[in-house]
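Reviewing the structure listed below.
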Number of protein chains: 2
Amino acid sequence: MSDAADQIFATLKHQAQSGAPLYLQLRKSIEDAVNRGLIGPGDALPSERDIATKADISRVTVRKAVQDLVKGGILVQRHGSGTFVAPRMERVEQSLSRLTSFTEDMARRGMAVRSAWLDRGLYAPSPDEMMVLGLSSSELVARVARLRIANDTPLAIERASLSASVLPDPADIGSSLYAALELTGNRPVRAVQRISAANLGDSDARLLEVPPGIAGLHIERISYLASGKVIEFTRSIYRGDAYDFVAELRLTGPSEEGRP
Amino acid sequence: MSDAADQIFATLKHQAQSGAPLYLQLRKSIEDAVNRGLIGPGDALPSERDIATKADISRVTVRKAVQDLVKGGILVQRHGSGTFVAPRMERVEQSLSRLTSFTEDMARRGMAVRSAWLDRGLYAPSPDEMMVLGLSSSELVARVARLRIANDTPLAIERASLSASVLPDPADIGSSLYAALELTGNRPVRAVQRISAANLGDSDARLLEVPPGIAGLHIERISYLASGKVIEFTRSIYRGDAYDFVAELRLTGPSEEGRP
DNA sequence: CCAGAACAATACCAAAAAAATACCACTTGT
DNA sequence: ACAAGTGGTATTTTTTTGGTATTGTTCTGG
């Protein structure tokens with residue numbers, strides 16, 4: 001039981017010289033212990049008095065730190081009972097891959113899917129692309145843009161940019177960009193995706209066959225190789241009225257009393 | 001904490017020979033540190049006394065430099081509290097894996113967060129709610145609605161519906177709905193979330209202080225108990241121009257994702 | 001040279017945050 | 001019912017923060 005507590009105090013002592021306010025040091029120690037999984041959701045913290053005694057600070061100071069974390073939803077307190085780590089939402093992993101796979105997702109809904117090419121070619125990189133893909137102005141960028149269509153209704157515009165070195169001939173892409181990358185041995189292992197909302201511009205709205213100004217989902221994805229290098233940079237625009245992104249979240253349960 | 005400070009002093013020493021007035025040198029140093037992003041919006045500067053001591057100049061001189069920047073809107077001072085880099089309106093992002101911790105997430109960016117209650121009460125359930133929550137028409141539904149505000153800018157509207165049996169008194173919710181549920185022993189273990197885009201209606205736009213018709217992110221979340229029963233049903237609307245949802249994806253991993 | 005302005009330093013004031021003390025109220029196990 | 005242990009709260013003291021008035025010092029222009 002005290003191993004979790006000791007972890008808190010260990011990191012606490014470690015930053016004792018920092019000069020920062022005591023309650024901030026303690027708050028960080030507890031936060032770290034939670035984020036590192038040393039104390040899991042549902043686990044009890046040592047009592048405020050215990051922490052105060054062991055850390056040799058006043059209980060009110062301990063309380064200040066704890067209350068901050070309670071306000072932030074990280075801890076939960078029960079009067080007369082104790083202080084516990086609050087449950088936390090975590091994304092379940094299978095849903096992640098589902099986020100990327102447009103074709104699969106549509107097929108699951110029984111929709112006939114096809115794509116129309118808007119663009120496939122090599123260009124001089126834009127400043128944006130140079131920055132993100134790490135290109136010099138003398139290198140070329142491969143741009144692949146297509147319109148995603150389900151049941152004869154245009155649903156999304158996808159515009160991908162890649163270094164020409166990994167996709168020398170954009171025209172020979174089959175149905176899957178990732179399959180083409182696989183062939184050249186450039187397989188992304190990680191991607192970061194931003195989802196935001198924006199009103200559709202005139203040209204995009206025309207392609208998606210909706211009135212301009214309608215809300216659309218704007219998704220920007222940056223894919224990384226195992227080496228950490230950026231390989232792909234995709235900006236997609238989805239019709240807001242016709243597509244939902246579904247994420248399944250899992251709330252971590254109380255950790256078993258056994259050792260992790 | 002001293003890394004930001006050191007950056008200030010580094011550039012300060014660098015121009016020490018310039019012969020320019022001390023307060024101008026210092027002002028430029030601070031200004032550069034801010035513009036280069038070494039110290040971001042919301043970050044605290046070292047105290048006037050700290051700067052004075054470390055730079056070996058009088059506190060009043062430090063003050064002269066700081067006040068210039070305050071007048072220019074670059075810094076903000078709070079009596080008894082400290083000097084801070086003025087907040088800029090920028091797009092905020094939230095990771096999909098931490099959807100529940102709005103407060104924590106914002107606080108980490110140095111934004112002053114608060115919520116305004118729009119509604120907390122018990123009502124007869126709407127057909128929607130009866131369907132999703134599995135209520136009969138004789139049961140009551142607890143509705144909790146709030147406006148999420150960061151730096152005095154409204155960012156999101158959250159409307160949650162729960163069975164009154166799990167939240168008999170909606171008025172006593174603290175900052176975290178999940179914390180309140182934890183207290184009553186109703187712990188959700190799973191949630192499904194849909195993200196879509198929609199144009200904001202008049203009333204929502206008014207609450208978020210944007211023109212009607214602007215694109216917003218519409219998020220619908222249904223949380224389940226371990227028993228499979230639906231416990232919570234939340235509809236959130238985020239300002240599309242001020243909020244990003246970020247998801248980190250792992251692609252096609254034969255990797256055995258072990259321990260986070 | 002000498003005003004006058006800009007600059008810089010000293011000393012003290014006021015507000016806020018941080019920390020400590022003492023006491024209250026709820027929960028739990030016997 | 002009780003006692004021990006828990007979090008909850010009010011109040012005070014100390015420390016740290018920015019705010020201000022005053023004085024000395026240096027540069028500048030006539």
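Chain letters run A, B, ... following the sequence lines, proteins first, then strands; residues in each count from 1. Quick caveat, the model's predicted, so the values are computed rather than measured.
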I'd like a list of close polar pairs between nucleotides 22-28 of chain C and the protein, N/O only, cut-off under 3.5 Å.
from: C:dA25; atom 1: N3; to: A:H79; atom 2: NE2; distance (Å): 3.1

Tabulate protein N/O versus nucleotide N/O from nucleotides 27-29 of chain D, keeping only pairs under 3.5 Å, one per line.
none

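Atoms CG (B:L22) and P (D:dT25) sit 16 Å apart, rounded to a whole Å. If you take CG of A:D68 and P of C:dA19, they are 12 Å apart, rounded to a whole angstrom. Taking atom CG of A:L75 as the reference point, atom C1' of D:dG7 lies 13 Å away to the nearest angstrom. Counting to the nearest Å, the P atom of C:dA17 and the CG atom of A:L24 are 12 Å from each other. Computed from coordinates, the A:R63 CZ to C:dA17 P distance equals 18 Å when rounded to whole Å. Rounded to an integer number of Å, the gap from B:D50 CG to D:dG18 P is 9 Å. Taking atom CG of B:D56 as the reference point, atom P of C:dA8 lies 13 Å away to the nearest angstrom.
A distance of 11.0 Å separates CG in B:L208 from OG1 in B:T153, rounded to the nearest 0.5 Å. Interatomic distance, B:I219 CD1 to B:E158 CD, rounded to the nearest 0.5 Å: 9.0 Å. For the atom pair NE2 (B:H218) and CG (B:N199), the distance works out to 12.5 Å, reported to the nearest 0.5 Å.
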Distance-only donor-acceptor hits, side chain of residues 131-139 of chain B, under 3.5 Å, sequence neighbours excluded:
from: B:S136; atom 1: OG; to: B:S138; atom 2: OG; distance (Å): 3.0
from: B:S136; atom 1: OG; to: B:E139; atom 2: OE1; distance (Å): 3.4
from: B:E139; atom 1: OE1; to: B:S136; atom 2: N; distance (Å): 2.9

Using residues 66-80 of chain B as the side-chain source, report each donor-acceptor pair under 3.5 Å to any protein atom, sequence neighbours left out, with the distance given to one decimal.
from: B:D68; atom 1: OD2; to: B:R27; atom 2: NH1; distance (Å): 2.6
from: B:Q77; atom 1: NE2; to: B:E48; atom 2: OE2; distance (Å): 2.9
from: B:Q77; atom 1: NE2; to: B:T83; atom 2: OG1; distance (Å): 3.1

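Side-chain atoms of B:S47 lie closest to D:dT17 of the nucleotides D:dT17, D:dT20, C:dA18. Of all nucleotides listed (D:dG7, C:dA8, D:dG18), C:dA8 comes nearest to the side chain of B:P21. Proximity note for B:Y23 (side chain, C-beta onward) versus C:dC7, C:dA20, D:dT17: the nearest is C:dC7.
For B:Q77, a side-chain nitrogen or oxygen approaches OP1 or OP2 of D:dG19 to under 4.0 Å. Note on A:T61: a side-chain N or O is less than 4.0 Å away from OP1 or OP2 of C:dA20. In this model, the phosphate group of D:dG19 is approached by a side-chain N or O of B:Q67 to a distance below 4.0 Å at OP1 or OP2.
Heavy-atom nearest nucleotides on DNA chain C were determined for A:I57 and for B:K64, and the one closer to the 5' end corresponds to B:K64.
For B:R206, the side chain to side chain contact (heavy atoms under 4.5 Å, CB included) test picks out B:D202, with sequence neighbours left out. With sequence neighbours excluded, the residues satisfying side chain to side chain donor-acceptor pair (under 3.5 Å) with A:K28 are A:D32.
At least one side-chain heavy atom of A:F233 sits less than 4.5 Å from a side-chain heavy atom of A:E220.
In this structure, B:D204 contributes its side chain and B:G201 its backbone to no donor-acceptor pair below 3.5 Å.
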